[in-house]
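This report refers to the structure that appears directly beneath it.
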Amino acid sequence: MKLEALSQALCLLPVFLPLASGAPTRRDGNSPMRGTASLAGYSPSENIATGLKPDIKYSLLPGQKENADIGTYLDFENVENPQPIRGSKGGDDPGPRNYYYDRINSDKLAPPGTDHGQTINAQWPLGLSRNRLGIDNAGWARQENTVVMPDATEMAGVDMRLEPAAYRELHWHLAAEWALVLNGSCRIQAVNEHGETFIDDVQAGDVWFFPAGIPHSIQALDDGVEFLLVFDQGDFDEDNTFLATEVFLHTPKSVLAKNLGTSISAFDKIPDDELFIFKGTPAPEDIEKQNVTTSAGIIPRTESYSYHFSEQPAHEVAGGSVKIIDPQTFPIASNFSAAVVTVHPGGMREIHWHTTSDEWTFFIRGQGRATLFTAPDDATTFDYRSGDIAYFPQSSSHYVENTGDEDLVFVEVLQAPQFTDVALGQWIASTPRQIVADTLNLSESTLSQLKTEKQYVVAGTTSD
Ligand SMILES: *[C@@H]1O[C@H](CO)[C@@H](O)[C@H](O)[C@H]1NC(C)=O
Ligand SMILES: *[C@@H]1O[C@H](CO)[C@@H](O)[C@H](O)[C@H]1NC(C)=O
Ligand SMILES: *[C@@H]1O[C@H](CO)[C@@H](O)[C@H](O)[C@H]1NC(C)=O
Ligand SMILES: *[C@@H]1O[C@H](CO)[C@@H](O)[C@H](O)[C@H]1NC(C)=O
């Protein structure tokens, strides 16, 4: 395919040659960097080459021959020369272009005919975020925030890896932190403003939450850990947190000594820079050995910072399954409501919107696409893969269709005291038929097929 791209580029060369030959040449054969003023405007001497339309070889997928409004997913992954054509819309593309992007973003290259206008950008692949690498091969972290997704104002995210025994340094921040463990396991601990202590071990599928300002640490256990952090501030910056090392480095040593009742020399060997992500002494297997209990007591279970979400079985629905975690069962995270959704191949998270909150979504596994519709008439379809983030503003409708041949798994996170949505199907089915018929001109037989129950994930067949 690279060869093909090159040969197409060569095809175009003759078009540029007359321009190049119009520039004056110097005796040494090298041209000055600028041309002459006489090149501006009509030139009777220039012979514009025409009739050289490059012979672009391509074939169209069946979905590209349908009416564009049908908008079937186009799988360009193994298409050698995908073209921006849908039905009677579009035209071929001689280049320049990035074939890698075009193949995995078919809904951008050849959008459904129903896409219109310009919505916000609702996609950020973490693969485009610069990774911050920890010292001594201890791990890494990469983030999404309003710097890269300016309209994702209510939430930001970080994907972090800690190798076995590595720490995310003791720290706190202005934002509240909600986390979903993606792989492996780790020990988390914190002390709240009453001096009450918390410690727990969590594994893939579990959730934790640290309120704003509460100092905490994270240490990977034997198998290392990768986790997703979601913050309740879109402009959160992982590189701008309050670190234990920095508060010690930037307080006069005499003050530290007076405050903590030690000698000044006690602080001679503190690290001279932040640690962020670093290797530590492996945590003792027996968590009791690190269970600090004081007269203040431990943080009560009702206010626990962890939730063993991995042990909650999924609720099966027609096209997949759903697991919800919100303050009804995890009250400390009082404004974080989330659903982990699994969509089987061919299935789709149904068309819905959230009444009071934006939605921040992370794709954990598989691939899917979504159309963001915003008032009054803008719509964009995005193609997502694992490691991508999606963002759907409050009240803007969207669906997520599995476009691959394996399960699609993602987590929807809201800033809301309860996980709720309005489902388009349920709404239309539960509205008096005459009102719907008068408005949408749907037939009686179509109306009788609508379901009043919320579907969450509908089943379907794959397009190929
Ligand atoms: C990590 O978790 C992801 C998401 O569940 C999964 O696809 C991947 O295979 C896991 N990696 C390993 C090494 O287990
Ligand atoms: C820590 O100790 C307290 C008090 O004995 C106990 O209630 C709690 O379960 C312990 N926590 C862990 C993680 O072992
Ligand atoms: C929850 O989040 C929303 C959106 O950011 C915000 O408007 C609301 O004030 C928050 N509610 C609470 C109780 O913090
Ligand atoms: C409704 O649909 C019928 C065909 O089923 C068509 O004849 C009619 O013009 C449509 N009405 C409106 C208002 O679009």
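Worth saying up front: this structure is predicted, and the values here are computed from it rather than measured. All ligand and atom numbering here is 1-based and tracks the order in the structure.
Side-chain contact of Thr241 with Trp172: a donor-acceptor pair under 3.5 Å is absent, judged by distance alone. Residues His308 and Asp200 bring a donor and an acceptor atom of their side chains to less than 3.5 Å of each other. In the model, Ser310 has a side-chain atom that pairs as donor or acceptor with a side-chain atom of Asp206 under 3.5 Å.
Identified under the salt bridge (charged side-chain N to carboxylate O under 4.0 Å, His left out) test for residues 236-254, with sequence neighbours left out: Arg132-Asp239, Arg168-Glu238. Within the structure, every pair that satisfies the side chain to side chain donor-acceptor pair (under 3.5 Å) test and touches residues 375-392, not counting sequence neighbours, is listed here: Glu77-Arg385, Asp115-Thr381, Thr119-Thr380, Gln123-Asp388, Asp358-Tyr391, Gln367-Arg385, Thr371-Thr381. Residue pairs meeting the side chain to side chain donor-acceptor pair (under 3.5 Å) criterion with at least one member in residues 144-157, sequence neighbours excluded, are Glu144-Trp360.
At a 4.0 Å heavy-atom cut-off, ligand 3 touches Gln415 through backbone and side chain alike.
Annotation: ligand 2 has protein neighbours Ile199, Glu288, Asn291, Thr293, Ile298, each with a heavy atom less than 4.0 angstrom from the ligand.
Checked against Tyr305 for a ring-ring contact (aromatic ring centres under 6.0 Å, His included), the options Phe209, Phe210, Trp208, Trp178 give a single hit: Phe210.
Against a heavy-atom cut-off of under 4.0 Å, Glu154 is close to the following atoms of ligand 3: 4 (C), 5 (O).
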